[in-house]
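Quick notes on the structure that follows.
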Amino acid sequence: MNVKILYLYPDFMSLYGDNGNVRIMDRRLKDQGFEVEIIKRTVTDSDIDFTDVDFVYMGSGFESNRNIAAKHLAGFKDALVKAVDDGVPMLFTGNSYDILGKGITTADGSFVEGLGIFGFTFKEQIEKRYTGDVVLEDCAINERYVGFVNRAGVPENNEELLFDAVKVIGNVPMTKDAVRKNRLLGISLIGPVLLKNPKLAELFVNEICERKGVKAKDIDYPHSEKSHAVTLKALMEAEL
Amino acid sequence: MKIRVFTAILVCKIIRGLAKLAGRGSSLPGKYALKICPDILSQLKLPELSLAVTGSNGKTSTVEMIAHILRSNGLKVAYNKEGSNQIEGVVTFLISDSTMGGKVKSDVVLLEADERYSRHIFKYFHPKYFVINNLYRDQMTRNGHPEFIKSVIGQAVYDDMTLILNADDPLVASFGKGREGTIYFGADNLPSDTKTHEGIYDDGKYCPVCKSPMEYEYYHYNHIGKFKCTSCGFERHAADHSLTSTQEKDGKASITIDGKYEIPVFFTGIYHCYNILAAFTAAVTSGIAPEKAAESLGGYILKSGRISDFTLGKLDGRLLLSKHENSVSYDRSIDVVANDKRKKSVMIIVDAISRKYYTSDSSWLWDINFEKLCGSDVEKIILAGQYCDDLAVRFELAGADPDKTVYFTTVQEAADYCAHNLDSFLYVITCFSDKEKILSIVTRRELS
Ligand SMILES: [Zn+2]
């Protein structure tokens, strides 16, 4: 059986080794017995087709790139929103997560329209970066996620954010993070989030299998599990 | 002279004297001077000639080479040693070289300028020449990303400075847009160049000025090469000084600048060549005759210690010092291993990601071209350190043969494994922050 991964802006929004997420999904889906097709779409493409895709991913980029990608993606907003409503699993990490909201006030004061799937807005500045290791907790399922935040902006409204930041090492003004709608997850963490958080990778694989009508095989990924454990322990023990 | 300035200088000199007696060098004296007189830097009288060097890689080597050329040519040079490139450090080193009246005694002030702090320092004085060597993805847990660094360096650039820029790095070269009198250095088309981009990511794919796609005639490495925007006309600027060739014969290596200045070097690694070229260009722009600059560089032995040879049991090995959180430096080390046709194994150590601050971020591993390493006929790949599991996943997806890959949480276990199980040459790739963990186990040898 064939699964399609739609990788948005791989050459434009892959600043922090974000390509790792697609590669991890590719491997895990192959381990499940699927044939995997990775469709790459970027700013020079005139079409993005969301029909029949099984997983969508978008990573981080320079803010200038993110703004251009946001404008480009706005041209396909209806199709993207429909795919979200249809329950297509999607992962937006780093500052691509920002565009899921109403929009971003950039450092020069201009406003970049977001996709409007959520109500939050972001406000950016250019004087400094907000960077740091963080531990997020999803209280609903008692699960912790680890990773790094590296961004120029802060959310101006965090009412709908799901996870509690239980530890922040660095200057990131964060108490909550991440949004979810159907099977779309947006999260501030950068880079190969699915490596250090195998539970998230498993979640997406299960969702994809479910939509395909097959039962997900139980496969162990010991290196990923250990990476999560080592990092979580180190972060929880790290002094502020 | 204002009493405040005098007091600041006095206090700085006294604390520095005391610290020296205690055998400590630090930027503490400058910190106190700044408390007394926040604009102390603008109160100092600097010599006519001053230079600053910044960039992601090679600042220290470049500054040391410039200092060497200028000193060899009879100039008295004051420069900040590694680690003192924040404002407190700069104040400390400048005051320690100044009279009580605040006049810097040296003929030249040479500054290794931190990418992020230059904007604070150059508020108070402007170096005559500002060298920008390269802008890579480097320590992004601190630096954000190259375009952010470009914008903060931009805040340190003033109209009265002359920029000396790497013509082959589009992000760096874009500083020269609309600036008359900018000096450029770059490499000509070299035999080791490639027509297509090599590496996991391509930071030269889109124009830094207008974000349209760029085209390259050739790449020296990563996004460094001869580029041209397909839309706005931004393109590689002609270089004032060029690396024209590199030679290696009979175990002797040299590089040639401007087609006529041959400089013997220890190794011809491309980004080492750029540091030499940057130093040459800075010195010549400062008024040193090119043949004199070349002659001084020829006598200079690079002390950076990027390479260390060792034995481990019966094994011979070489440490290639790279920088964690800097994929370009890893890629260059991987080139060295891939180009070595001997039977070889490679150990990668990722234990402490930084020696200066805490982070567990290993995302940069996914920007390194480990695929090239895995495809280069390596006997064994030994992954070591606290983050060996992050490495393991990365290598698995890079196509490493599982039968050839081993993992160890500690460097000691990894070294024991190598000593007992390998019979090939052993390369070790790691960072300053982790190098002692292997060097304390192996026996160092003279470089061969
Ligand atoms: Zn352009």
Side-chain angles (χ1 to χ4, degrees), chain A residues 10-12 14-21 23-24 26-27 42-44 60-65 67-68 94 107 126-133 146-152 169-170 189-196 198 221-232 234-235 238-239, chain B residues 116 119 137 139-152 154-155 171 197 200-206 208-213 230 325 327 352-353 357-368 371 383 385-398 405 407 409:
Chain A
D11 56 356
F12 210 65
S14 188
L15 180 57
Y16 299 115
D18 303 309
N19 66 83
N21 290 313
R23 301 175 71 167
I24 288 166
D26 176 50
R27 168 58 64 93
T42 190
V43 281
T44 47
S60 318
F62 298 159
E63 285 66 38
S64 60
N65 287 22
N67 296 345
I68 292 168
I126 193 124
E127 279 308 303
K128 62 176 176 186
R129 296 291 293 184
Y130 299 116
T131 64
D133 292 81
V146 295
F148 199 85
V149 176
N150 195 337
R151 55 157 64 253
I169 303 161
L189 305 181
I190 54 103
V193 174
L194 300 181
L195 186 165
K196 282 190 189 277
Y221 294 90
H223 287 303
S224 204
E225 295 290 347
K226 215 178 127 211
S227 167
H228 175 79
V230 166
T231 304
L232 180 61
L235 295 188
E239 284 172 33
Chain B
R116 283 182 299 145
R119 54 178 166 162
R137 299 185 178 194
Q139 281 186 34
M140 293 198 287
T141 53
R142 277 296 171 92
N143 288 337
H145 55 65
E147 201 172 89
F148 172 72
I149 291 301
K150 198 216 148 175
S151 78
V152 296
Q155 295 173 24
L171 200 53
H197 177 264
I200 299 294
Y201 63 93
D202 182 359
D203 276 344
K205 185 149 185 199
Y206 295 95
V209 179
C210 78
K211 298 286 174 182
S212 297
T230 55
E325 303 193 81
S327 50
I353 289 167
Y357 48 88
Y358 177 79
T359 182
S360 72
D361 178 48
S362 64
S363 61
W364 48 278
L365 291 174
W366 296 79
D367 278 344
I368 300 169
E371 281 72 4
L383 307 174
Q386 189 186 178
Y387 294 100
C388 67
D389 292 287
D390 297 44
L391 281 165
V393 179
R394 175 70 189 93
F395 271 79
E396 203 179 300
L397 295 185
T405 317
Y407 331 91
T409 312

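Just so it is clear, the values below take in all heavy atoms, side chains as well, and ignore hydrogens, waters and symmetry mates. Chain naming here is simple, since letters A, B, ... match the order of the sequence lines and numbering starts at 1 in each.
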Given a strict heavy-atom distance threshold of 4.5 Å, which part of [X] is in contact with chain B: side chain, backbone, both, or neither?
X      : result
A/I169 : side chain
A/S60  : neither
A/A238 : side chain
A/E239 : neither
A/K128 : backbone
A/I126 : both
A/L235 : both
A/E127 : both

Report task. Looking only at non-hydrogen atoms, find the nearest pair between A/L195 and A/S227 and report the distance. Result -> CD2-OG, 3.3 Å
Requested in this report: Work out which heavy atom in B/D367 is nearest to a heavy atom in A/L15; give both atom names and the distance.
Outcome: OD2-O, 3.6 Å
Side chain, backbone, both or neither: which part of [X] has a heavy atom under 4.5 Å from chain A?
X      : answer
B/L365 : neither
B/R119 : side chain
B/Y206 : side chain
B/Q386 : both
B/Y387 : side chain
B/P213 : side chain

Main-chain N/O of [Y] paired with [X] side-chain donor or acceptor, under 3.5 Å:
X      : Y      : answer
A/T131 : B/T141 : yes
A/K196 : B/S360 : yes
A/R23  : B/L397 : yes

Query raised in the report: In terms of heavy-atom pairs under 4.5 Å, which option from A/G61, A/P192, A/G191 contacts chain B the most?
Result: A/P192
Query raised in the report: Top residue by heavy-atom pair count (under 4.5 Å) with chain B, among A/G170, A/P10, A/G20, A/G147?
Result: A/G20
Query raised in the report: With sequence neighbours left out, what residues match B/F395 under ring-ring contact (aromatic ring centres under 6.0 Å, His included)?
Result: B/F370
**Report entry** Listed partners of A/Y130 passing ring-ring contact (aromatic ring centres under 6.0 Å, His included), at least two apart
**Finding:** none
Report task. State the CD1-OG1 distance between B/I353 and B/T359, to the nearest 0.5 angstrom. Result -> 5.5 Å
Query raised in the report: How about A/D11 and A/T42: does a side-chain donor come under 3.5 Å of a side-chain acceptor?
Result: yes
Requested in this report: Check whether the side chains of B/D390 and B/S362 place a donor and an acceptor atom closer than 3.5 Å, and report yes or no.
Outcome: yes
